[in-house]
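Worksheet: one structure, shown below.
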Amino acid sequence: MSSIKEVASRAGVSVATVSRVLNNDPVVKPDTKNKVLQVIKDMNYKPNMLAKNLRKQASRTIVMVLPSMSNPYFSEIARGAQAAAYDHTYNIIIGTIESKRWILDTYINMLKTNLAEGIVFVSSSASTELVESLMGDYKVVLCTEYYKGVDAACITIDNRKAAYEAASELIGRGLTSIAYIAGSRETSSVLARIEGYKDALHEAGIPFRPELIAGVQNKFEHVKDAVNRMVEQGLEPDGIITHSDMQAAYVLKGIKERSIHVPQEIGLISFDGTFLAEITNPTITSIVQPLYDLGYGAVRKLVQKLNNEPKAEEEGLIVLPHQLVVRET
């Protein structure tokens, strides 16, 4: 393997000049730069980025923390994040915490020991207190969920508007007893979607009934029990909005095997728009989130912060467009 000394010798320049060319230093004359670049190409020279980064005290590594990878929602966000890291010549470590705080601590320690330069928290993978504690000393970006009172950059969709559109779609079909199967935590997306759901009901003159909202985990038994509890209470839902495609798939499963006791013709709309919505039978009408773009945009925003680009330090919401895609449900 060629060394930087060999490149310098063949180009007839100093090692320092080769280093300046590699770092795109404008001090180097164009003719010299072109000559060095040609030698680098001819010798197929690959700089030792690890050694370079250690000298600069920069790892060019960032971390993205996900709650889990079992939901395709998160894997699509991760795919976008990887692409952004590659495009900006950063390494990325994508880790899941699976509700284990000690795993999260390992990623935070990477920041504190300079093994990572910045971090992206996806969904509710960190607490408000943790994010607040990191904000002053480290570069942090939030993806899909923001934290009340925390002035951090967050890339997301307009959840209130999206839920309004979902509920309005079901109301437009003549449905009036619409359930919302929410996430298991009162996150920013859950709270915003409840408000959008209530907006649509109010506009249509349909009374809001809090009993038609249930917070559950992405597990079949939880979804089944939540819907059946509504039926047992006499609420008789004729439409359901779910917080995720997985939850909607569980509803279909329960209806087909008759373990969820609602009419076969119930209206169903999910959030996310992953491949699950397209492979179920029937296919699921869904609010399609730009998951790849959410992951890509979060990493790009973090890189801008790390490179001190203009306006990079501006915090607040970055809202990407969603789409209501009508399918068979």
Side-chain angles (χ1 to χ4, degrees), residues 53 56-69 73-74 77-78 80-82 84-85 87-160 183-193 289-291 293-320:
N53 290 336
K56 285 186 162 186
Q57 291 298 302
S59 65
R60 291 200 72 80
T61 297
I62 57 178
V63 176
M64 171 174 273
V65 182
L66 306 166
S68 168
M69 199 66 89
Y73 169 86
F74 294 122
I77 288 175
Q82 284 182 315
D87 289 347
H88 293 86
T89 63
Y90 273 78
N91 305 307
I92 185 168
I93 295 172
I94 297 177
T96 63
I97 56 174
E98 307 295 344
S99 300
K100 296 180 176 65
R101 174 57 201 249
W102 68 267
I103 298 178
L104 180 56
D105 288 341
T106 63
Y107 302 127
I108 303 306
N109 285 335
M110 292 186 70
L111 288 176
K112 295 180 177 180
T113 56
N114 294 323
L115 292 176
E117 297 183 50
I119 193 163
V120 176
F121 292 111
V122 179
S123 189
S124 54
S125 56
S127 67
T128 302
E129 294 74 22
L130 174 61
V131 175
E132 283 182 323
S133 71
L134 295 174
M135 285 291 294
D137 300 315
Y138 306 100
K139 305 299 185 182
V140 178
V141 171
L142 307 178
C143 183
T144 74
E145 301 283 354
Y146 62 88
Y147 298 84
K148 187 175 181 180
V150 178
D151 188 21
C154 175
I155 186 162
T156 184
I157 66 166
D158 188 336
N159 282 288
R160 184 168 184 165
S184 59
R185 299 182 183 180
E186 284 196 342
T187 59
S188 62
S189 63
V190 168
L191 295 175
R193 290 174 192 181
Q289 299 195 63
L291 302 176
D293 293 339
L294 287 168
Y296 193 102
V299 168
R300 181 173 58 189
K301 178 66 175 178
L302 183 60
V303 169
Q304 289 171 345
K305 283 173 164 287
L306 293 171
N307 294 330
N308 297 313
E309 295 181 20
K311 297 185 178 181
E313 292 305 319
E314 289 185 359
E315 309 294 6
L317 296 182
I318 302 167
V319 180
L320 299 188

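Predicted model only: the values in this text are computed from it and were never measured.
Between the CG atom of L66 and the OG atom of S125 there is a distance of 7.0 Å, given to the nearest 0.5 Å. Rounded to the nearest 0.5 angstrom, E145 CD and T187 OG1 are separated by 3.5 Å. Note that CZ of R300 is 10.0 Å distant from CG of D87, once rounded to the nearest 0.5 Å. M135 contributes atom CE, which lies 6.0 Å from atom CG of D151 (distance to the nearest 0.5 angstrom). The distance from the CG atom of L142 to the OG atom of S124 is 11.5 Å, given to the nearest 0.5 Å. Between the CG atom in N91 and the CD atom in E117 there is a gap of 9.5 Å [rounded to 0.5 Å].
Under the 4.5 Å side-chain criterion, counting only non-hydrogen atoms from C-beta, L130 is not in contact with Y147. Looking at T144 and Y73, their side chains come closer than 4.5 Å, going by heavy atoms from C-beta outward. Side-chain contact between I155 and K301 is absent, with no heavy-atom pair separated by less than 4.5 Å. For the pair I119/I108, a side-chain contact is recorded, criterion being any heavy-atom separation below 4.5 Å from C-beta on. Using a 4.5 Å heavy-atom cutoff, the side chains of Y90 and L302 are not in contact. Between I77 and M64 the shortest side-chain heavy-atom distance falls below 4.5 Å. Inter-residue side-chain proximity for I62 and V120 is flagged as unmet; no heavy-atom pair is nearer than 4.5 Å. Two residues are said to be in side-chain contact when any heavy atoms from C-beta on lie closer than 4.5 Å; I157 and P290 meet this criterion.
Residue-environment remark: CD (E186) stays at or below the threshold of 12 foreign heavy atoms within 6.0 Å. Atom CZ of F74 has more than 12 heavy atoms from other residues, nucleotides or ligands within 6.0 Å.
A pairwise comparison of heavy atoms in N159 and A192 identifies CB-CB, 3.8 Å as the closest pair. Closest approach of A85 to V299, counting heavy atoms only: N-CG1, 3.8 Å. A pairwise comparison of heavy atoms in A116 and V63 identifies CB-CG2, 3.7 Å as the closest pair. Counting all heavy atoms, side chain and backbone alike, L111 lies closest to Y138 at O-CE2, 3.6 Å. Closest approach of K148 and T128 over heavy atoms only: O-CG2, 4.1 Å.
Using a cutoff of 4.0 Å between basic side-chain nitrogens and carboxylate oxygens, K305 and E315 are scored as salt-bridged.
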(Q) Please evaluate residues I97 and F121 with respect to the criterion side chain to side chain contact (heavy atoms under 4.5 Å, CB included), reporting the C-alpha separation (whole Å), side-chain torsions for both, the decisive distance (0.1 Å), and the verdict. (A) CA-CA 11 Å; I97 56 174; F121 292 111; over 6 Å; no
